[in-house]
Amino acid sequence: MVVLATAPFDMWAIAFWLLGAVVAVLVAVGAITAARASIRRRTRRRVAESSAALEMLGRLNHRFEDAVAPLPPISFSFEVRLDSKPKFDAFNLGRRFREEVLQREPFIAEQMDLRRQVLRHYLDYEARVGAEAMPKLGRSERPDVPKDRFDAVEGELFTELLLDRPTPQARILGVARYTSPQGRNSYEKSHVWGFDDLRQELGLAREDRERRSTTQFLRDRERSLLTPKLRIDVLQRDGRRCRACGATADDATLHIDHIVPVSRGGLTEMSNLQVLCQSCNLGKSNRFVG
C-alpha cells in the first residue's frame, strides 16, 4: 500500500522538476539572446559614431534623399464600349493604347522626363558614394571594438544605409466592353501596361506619327480610299469606256485613274477619278492631263 501511494507523488515531482528545468533553460536562453542583441546594438552604435565612411555616406544621403525619392507611378486608364460582338472580337487594345499614348503625349513625356531626372540624380549619388564614401571604408577604428569586428559591422551598416535605386513605374489600364442589346450577355477584355511598355510605346507612337506625315503614307492612304464601290461608281459614270480613247472592257483592260496624280496631291474622290484603258494610263503616267 505504501508503494502504491507514493508512486504518483514521485511522478508529479519529476514532472514539476522537468518543467522548472525547461523554464530555467528558456529564461537563460532569452537572457543570452537579449545580452547578445544588446552587445550588437552597442557595437553598431559605436561603429556608427566612429566611422568616417558612414559619416560621409550620411552627408550624401541628406543631400540626395529628396532628389532620388521615388515618384508615384504614371497612371491613367481608358475604356471603349463597342456596339457589336464582331467589333468587340476584332478590337485591338494595343492599337488603341498607342492612340491614347499619342493623345496624352505631352503629359507622358513630362512625367517620363521627371523620372529620368530622378535616375540621373541617383547616378550622380552613386558616383559620389563611390568617390567620397567607399574609399573611407576600413580606415576607421576604436579601441573598444576589435578591428575585424569594426570593419564587418561598418560594411553591414554601409549597405543598409545606401539609398535605394528609384525604379520608375507606370500602370495603364485599358478595357474594352460589349453588352448585347437585351443585356443578357456581357463581354470584357482588358490589359495593364507598365513603365517599360509605356516608354517603348511612346517611341513607337512617335515613329508612327512621323511616318504618317510622310508623302508615301499620304499616297498610300489616298489609294486605299479607292474602294470597290467607288470603282463601280466611276465606271458607271464614264460608261465603262476609256475617257481618252473610248476603248471598252472588250477592247482593253480598264483602270481607274487619278486625274491629278496622288503624287501631286490629288485626292481620291469622284471629281478626280476617271476611267482610262491600260495603254492610255501608262502613257499618262503621273502627269496631269487637263
Side-chain angles (χ1 to χ4, degrees), residues 67-123 163-233 256 258 262-263 265-270 272-273:
V68 302
L71 296 174
I74 302 174
S75 178
F76 64 85
S77 62
F78 61 90
E79 179 179 335
V80 181
R81 291 187 177 273
L82 290 309
D83 57 11
S84 72
K85 184 62 166 57
K87 288 183 180 180
F88 173 83
D89 293 336
F91 187 77
N92 189 314
L93 273 172
R95 188 177 298 117
R96 181 55 179 266
F97 173 53
R98 182 171 299 183
E99 294 174 0
E100 292 286 338
V101 168
L102 272 180
Q103 292 176 8
R104 303 167 191 260
E105 180 182 359
F107 164 76
I108 294 173
E110 178 186 15
Q111 293 300 312
M112 297 188 76
D113 285 342
L114 290 174
R115 284 149 183 81
R116 278 191 285 266
Q117 290 177 18
V118 171
L119 286 175
R120 284 195 292 268
H121 287 311
Y122 190 82
L123 292 176
L163 297 178
D164 292 332
R165 184 183 183 91
T167 302
Q169 296 182 355
R171 188 181 188 278
I172 294 86
L173 171 64
V175 181
R177 291 189 173 94
Y178 165 68
T179 301
S180 61
Q182 292 75 25
R184 295 178 181 176
N185 299 307
S186 295
Y187 304 89
E188 176 183 308
K189 53 185 172 183
S190 62
H191 191 81
V192 176
W193 293 271
F195 185 84
D196 290 340
D197 300 318
L198 184 61
R199 178 175 55 188
Q200 180 180 9
E201 200 60 38
L202 180 61
L204 292 174
R206 285 172 168 172
E207 291 177 5
D208 190 45
R209 181 184 58 194
E210 292 176 2
R211 183 182 62 82
R212 291 186 179 192
S213 66
T214 63
T215 302
Q216 184 59 50
F217 175 82
L218 296 176
R219 292 175 183 175
D220 293 342
R221 186 185 65 179
E222 284 302 320
R223 291 191 175 99
S224 70
L225 296 177
L226 189 55
T227 62
K229 181 180 182 305
L230 185 56
R231 290 175 181 272
I232 292 174
D233 290 343
I256 304 299
H258 286 80
V262 171
S263 61
L267 301 179
T268 303
E269 53 189 25
M270 285 290 288
N272 191 48
L273 297 173

Pairwise distance [atom1]([X]) to [atom2]([Y]) - rounded to 0.5 angstrom:
X	Y	atom1	atom2	answer
L225	L230	CG	CG	8.5 Å
L202	E207	CG	CD	10.0 Å
E100	E105	CD	CD	13.5 Å
L114	E110	CG	CD	5.5 Å

Restricting to non-hydrogen atoms, name the atom on [X] and the atom on [Y] that form the minimum distance, rounded to 0.1 Å.
X	Y	answer
P166	V118	CG-CG1, 3.5 Å
H258	L267	CD2-O, 3.6 Å
R98	L204	NH2-CD1, 3.5 Å
T268	L273	CG2-CD1, 4.4 Å
D83	Y178	C-CE1, 3.6 Å
V175	S190	CG2-CB, 3.9 Å

* Ion pair E99/R95, N-O distance below 4.0 Å -> no
* Backbone N/O of D89 and side chain of Y187: donor-acceptor pair under 3.5 Å -> no
* Asked: Between K189 (side chain) and L93 (backbone), is there a donor-acceptor pair under 3.5 Å?
  -> no
* Residues two or more places apart in sequence or in another chain: which of them pass ring-ring contact (aromatic ring centres under 6.0 Å, His included) with H191? -> W193
